[in-house]
Undergrad: 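Once you've had a glance at the structure underneath, I'll fire off some questions.
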Amino acid sequence: MLDKRYDHKKVEEGKYETWKKKGYFTAGDTSKQAFTMVIPPPNVTGKLHLGHAWNTTIQDITARYKKLKGYDVLWLAGMDHAGIATQAKVEQKLRSEGISRYDLGREGFLKKAWEWKEEYADNIHKQWAKMGLALDYSRERFTLDEGLNKAVNHVFKTLYDKGLIYRGERIINYDPELKTALSNVEVIYENDPGKFYYFKYKVEGSNEFLVVATTRPETMFGDTAVFVNPSDERYKHLIGKNVINPANNEPLPLMADEYVDIEFGTGAMKCTPAHDPNDFALSEKYNMKRIKCMDLDAKMNENAGIYQGMDRYECREKLVEQIRKDGNLIKIEDIVHQVGHSERSGCVVEPTLSKQWFVKMRPLAEQALKKSTVEFVPERFNHTFRQWMENVDDWCISRQLWWGHRIPAYYNDETGEVIVSETPINDPHFHQDEDVLDTWFSSALWPFSTLGWPEETSDFKRYFPNDLLVTAYDIIFFWVSRMIFDSLEFTKKSPFKKCLIHGLIRDSQGRKMSKTLGNGIDPIDVIDKYGVDALRYFLTTGSAPGQDIRYMEEKVIASSNYLNKIWNSARYVLESLGEDFTSEEINFDKLHKVEQDILVKLNNTIKNVTNYMDKLDYSLASSYLYNFVYDDFCSSYLEMSKVSLLNSDEKYRNQIKNVLVYILKNIIIMIHPYAPFISEELYLALPSHKESIMLETYPEAKKYAKVDLVNVTDMYKMIQDVRNYKVTNKLAPNAKLIIKLETSDDSFNELKPYLERFSFAKELTISNNISSSGIKYIYKNASMFIEDDISSEEKEAKKAKDIALYKSEIDRCEKMLSNPNFVNKAPKEKVEAERNKLEDYKAKLKELIG
RNA sequence: GGAUGUUUAGCUCAGCUGGGAGAGCAUCUGUUUGACGUACAGAAGGUCACAGGUUCGAGCCCUGUAGCAUCCACCA
């Protein structure tokens, strides 16, 4: 027998290991249709957070649902080497031991990094197990493993040969702390307070001067021109002359270009081609010199004169002071402006001219826009994807790191020859590029590289394209879009059919969870306290697709209470079976109405739940199941079944027990994708069952003969009215009342025992002709009178209330029906329904008024 | 500047192809009815942001306005 209380710890124990050992998570049954997902590989940098828990639960629900639906489900496990993030963590650890990566050298450092990876992969495996994820570990991959390296090299080489990968000197975002280049999406712009410095630039050979404003005086050593707008009347006469750079007294040509905004600042802009992407673009247009005044570590270089070797901010301060002394400082304004920070280190990135590898995006993006068949859910994210693709810049893919796929380019310094090769080149005249590739370069191949591509493996043939990819909206740019264009380029197919996008999880106040705020929630703590099933249920229900959610402990508790409800309903069902239970077919046609009623309601529930499961709307699907479990099953039918079991012969009793077991089993299977552990526990307690709920098939709605169940609905309403009557009249819930039913419908006799019990009737008469002074309640197929010693005043009040209600309803109906537009244009069923209601209300009113 | 989302009960949020406003929590009243007090029974609580429009009918569709949030692009 089940325990009185649902104990999540006991329920969770051992199940995951069993499932795994039995091979339920392993794909490969070729007699079934395949269904494929690949997990978004988590970074091997630390613990998984609630966002991961959410993301993986959605996938696990899908995997388990599809398994129950009879698919050969492959949900491929894997992790990401996360180049920058991991290297930063490993270096940090080394630093705490007083070692730098250069002390160890590339090889020594990589050894440490792999040790780190093993440790954290182990953590992640444990967390996946806690979450109950039905991941196929037999095919687990790592973005830095050998097979994926082959895929990476193949892709690099192919794109290079096609001219879609090139090496060039361009402005890139440089992280001076981690000492590596970044791609545009790795830069986060924040509103930082800063200063706007206004400097006097003297015009050469004249007494005139103009004012240039800048936020970055230290870059003035790299200036090669000052630009104004050609139609700016203030400066027109000066165009073509030289002005004097107040930082170093060098002459700068005053040039004109439409790019300059007349309204902004002073309308005169200094141009620093080597440290600003826009200025770089101007320098290309006018074929200007590009002078770097900073090194990659954000220290001033020889072009900064006496400031050489100084930090960029220190130089700024000193230089402004010097210009002020020279009398060329006009004013300093406090402003708030957008400053780019490194996604990983958080430090201010330095746009710098540098030689890096790039993916030429335009052709790939155009192909993706034209050929992608990926269906985003919700649909609106398709826009997000397309808009980004339409405006994408070339992708800087080289990183000055060691942890990653090393760029397969080899240089001969003597001849200047460059060879890109999929296999290592051992010629001593050549040396390999020192840099590695952006992590996302390898993640972008994940849906197919994990299946053995570029080899035409059987897995690749069977499981590609994937059916579904699940991820949060914040990595559409980083990952989803890159998978799409790489997949189209290399496999000629979209990587997955659908892409389900979910939101981000926030704290209870709606703030992003972050380390600095210290408001993060460790899923493991939640699991320890409330159980993983409750956490999973909370994460995947009660929210709309694509929306952010807030972590609310009360909601986790509510989830846990719901599971406890199911637990106890199961306990009741199992306890009521007794020794003499035998499993048998349910004969719907011969069942009593209350039993038929609940089976019909279950049928509708199965239809609704399945419908929304198929649409990937797990939140809406769960709400249909929830309502059925709570209202229809537990609050209504379960109570009725107690009467059914008392008042029937042995043969029928066994039918009822079978109904109970059948409903319970269906509930358990439908809740299984959300709550795998408790459902397995309850499933194994059923009188007959397979080895595991994972081997079950998903419920299907049955085809029952149509039956009229209006009087069952009436009965439930009667019970509620009686209860309500007692509360409003301050009677005890079990107060005995005289209840009379006036009806010509014989089937109410069948419902009499149920009514008797739940109204605690002292006396219950059913007749087609009742005379009573009691308070009257009118239903579809019957009227109910409640008699007690309540004053006639109160009875009159109740009557008056009813009359008013019916009158207003009649008004409403008549108004609608007298509207020719409604009668003519609304669907026939709606009009008919209104007519029926009107008649019904009129009859009720007539009875009350007499 | 562009785009997207959002505004519904005290709070957090659902709400299907347009057809009589829902849940959880909180509140109030009551309850040893043999599954469950992690519960049960009942109650109260809403001008669905605002203004127009379309429609027989709008929380839902269209237009506009306002607040909040996010993303993209940015001006030196």
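On a predicted model such as this, the values are computed, not experimentally measured, just so you know.
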Undergrad: In whole Å, measure the gap between the P atoms of B:rU17 and B:rA3 for me.
TA: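 Result for the P pair: 26 Å, nearest Å.
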
Undergrad: When only distance counts, do a donor and an acceptor, one from the side chain of A:Tyr841 and one from the base of B:rG20, lie under 3.5 Å apart?
TA: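 When only heavy-atom distances are counted, A:Tyr841 does reach the base of B:rG20 through a donor-acceptor pair under 3.5 Å.
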
Undergrad: Determine: side-chain N/O of A:Asn627 to OP1/OP2 of B:rA23, distance under 4.0 Å, yes or no.
TA: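 So the side chain of A:Asn627 is outside the cut-off, no N or O lying under 4.0 Å from OP1 or OP2 of B:rA23.
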
Undergrad: When the C1' atoms of B:rU29 and B:rG64 are compared, how many Å lie between them, rounded to an integer?
TA: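 B:rG64 and B:rU29 have their C1' atoms separated by 48 Å.
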
Undergrad: Can a side chain N or O of A:Lys642 be found less than 4.0 Å away from OP1 or OP2 on B:rA35?
TA: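 Yes.
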
Undergrad: So, does the side chain of A:Arg812 form a donor-acceptor pair with the base of B:rG20 at under 3.5 Å?
TA: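 Counting by modelled atom types and ignoring angles, a donor-acceptor contact under 3.5 Å is found here.
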
Undergrad: Given the C1' atoms of B:rC61 and B:rA23, what is the spacing between them in whole Å?
TA: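 Nearest-Å result for B:rC61 against B:rA23 at atom C1': 26 Å.
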
Undergrad: Can you say whether a donor on the side chain of A:Tyr624 sits under 3.5 Å from an acceptor on the base of B:rC16, or the other way round?
TA: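 When only heavy-atom distances are counted, A:Tyr624 does reach the base of B:rC16 through a donor-acceptor pair under 3.5 Å.
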
Undergrad: NZ of A:Lys730 versus C1' of B:rU29: gap in Å, rounded?
TA: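 The answer, rounded to whole Å, is 7 Å.
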
Undergrad: Between B:rG37 and B:rG18, how many Å separate the two P atoms, rounded to a whole number?
TA: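 The answer is 45 Å between these two P atoms.
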
Undergrad: Roughly how many Å apart are B:rG10 and B:rG45, using the P atom of each and rounding to a whole number?
TA: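 Their P atoms lie roughly 11 Å apart.
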
Undergrad: If you compare every side-chain N and O of A:Lys565 against the phosphate oxygens of B:rC40 (OP1, OP2), does one of them come in below 4.0 Å?
TA: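 The answer is yes; a side-chain N or O of A:Lys565 sits under 4.0 Å from OP1 or OP2.
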
Undergrad: Expressed in angstrom and rounded to an integer, what is the separation of A:Leu625 atom CG from B:rG24 atom P?
TA: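 Checked: the CG to P distance equals 15 Å.
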
Undergrad: Determine the Euclidean distance between corresponding C1' atoms of B:rG59 and B:rU6; express it in Å to zero decimal places.
TA: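 B:rU6 and B:rG59 have their C1' atoms separated by 14 Å.
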
Undergrad: Among the nucleotides B:rG15, B:rU38, B:rA76, which one has an atom lying closest to any side-chain atom of A:Pro545?
TA: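 So the side chain of A:Pro545 is nearest to B:rG15.
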
Undergrad: Under 4.0 Å between a side-chain nitrogen and a carboxylate oxygen: does that hold for A:Lys844 and A:Glu809?
TA: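 Result for this pair is no, no salt bridge flagged.
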
Undergrad: At less than 4.0 Å, is any side-chain N or O atom of A:Arg757 found next to OP1 or OP2 of B:rU33? Yes or no.
TA: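 Looking at the OP1 and OP2 atoms of B:rU33, neither is under 4.0 Å from any side-chain N or O of A:Arg757.
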
Undergrad: Does a distance-only test, which skips hydrogens and angles, find a donor-acceptor pair under 3.5 Å between the side chain of A:Glu639 and the base of B:rA35?
TA: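 For A:Glu639, whose side chain was compared with the base of B:rA35, there is a donor-acceptor pair (under 3.5 Å).
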
Undergrad: Could one point to a donor on the side chain of A:Gln547 or the base of B:rG5 with an acceptor on the other under 3.5 Å away?
TA: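 Not at all, since no donor on one side and acceptor on the other fall under 3.5 Å apart.
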
Undergrad: Under 4.0 Å between a side-chain N/O of A:Arg571 and OP1 or OP2 of B:rC36, yes or no?
TA: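 Indeed, a polar side-chain atom of A:Arg571 lies that close.
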
Undergrad: Using heavy atoms to find the nearest nucleotide of RNA chain B for A:Ala544 and A:Arg723 separately, return the residue whose nucleotide is more 5′.
TA: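 On the 5' side of the pair lies A:Ala544.
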
Undergrad: Please state how far atom CZ in A:Phe381 lies from atom C1' in B:rG5, giving the value in whole angstrom units.
TA: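 For the pair A:Phe381 CZ and B:rG5 C1', the rounded distance is 8 Å.
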
Undergrad: Under the salt bridge (Lys or Arg N to Asp or Glu O under 4.0 Å) rule, what do A:Asp811 and A:Lys815 come out as? Steps first, then yes or no, please.
TA: CA-CA 6 Å; A:Asp811 259 11; A:Lys815 213 169 148 191; over 6 Å; no

Undergrad: Any side-chain N or O of A:Ser635 below 4.0 angstrom from OP1/OP2 of B:rA41?
TA: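 Answer is yes, contact under 4.0 Å.
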
Undergrad: With heavy atoms under 4.0 Å as the rule, sort A:Asn819 into base, sugar-phosphate or nothing.
TA: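 Touches sugar-phosphate only.
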
Undergrad: Please state the C1' separation for the pair B:rU65 and B:rC71 - nearest whole angstrom.
TA: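 Nearest-Å result for B:rU65 against B:rC71 at atom C1': 23 Å.
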
Undergrad: Requiring both pairing distances under 3.5 angstrom, list the stems that contain RNA chain B and are made of three or more consecutive Watson-Crick or G-U pairs.
TA: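 The stems are B:1-7 with B:66-72, B:10-13 with B:22-25, B:27-31 with B:39-43, B:49-53 with B:61-65.
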
Undergrad: For the C1' atoms, the ones on B:rA9 and on B:rC25, what distance do you get once it is rounded to whole angstrom?
TA: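 Comparing C1' positions in B:rA9 and B:rC25 gives a spacing of 12 Å.
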
Undergrad: Check whether the side chain of A:Lys4 and the base of B:rG37 form a donor-acceptor pair under 3.5 Å.
TA: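 Side chain to base: no pair present.
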
Undergrad: Under the 3.5 Å rule, do the base of B:rC74 and the side chain of A:Gln338 count as making a donor-acceptor pair?
TA: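 Such a pair is found, so the answer is yes.
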
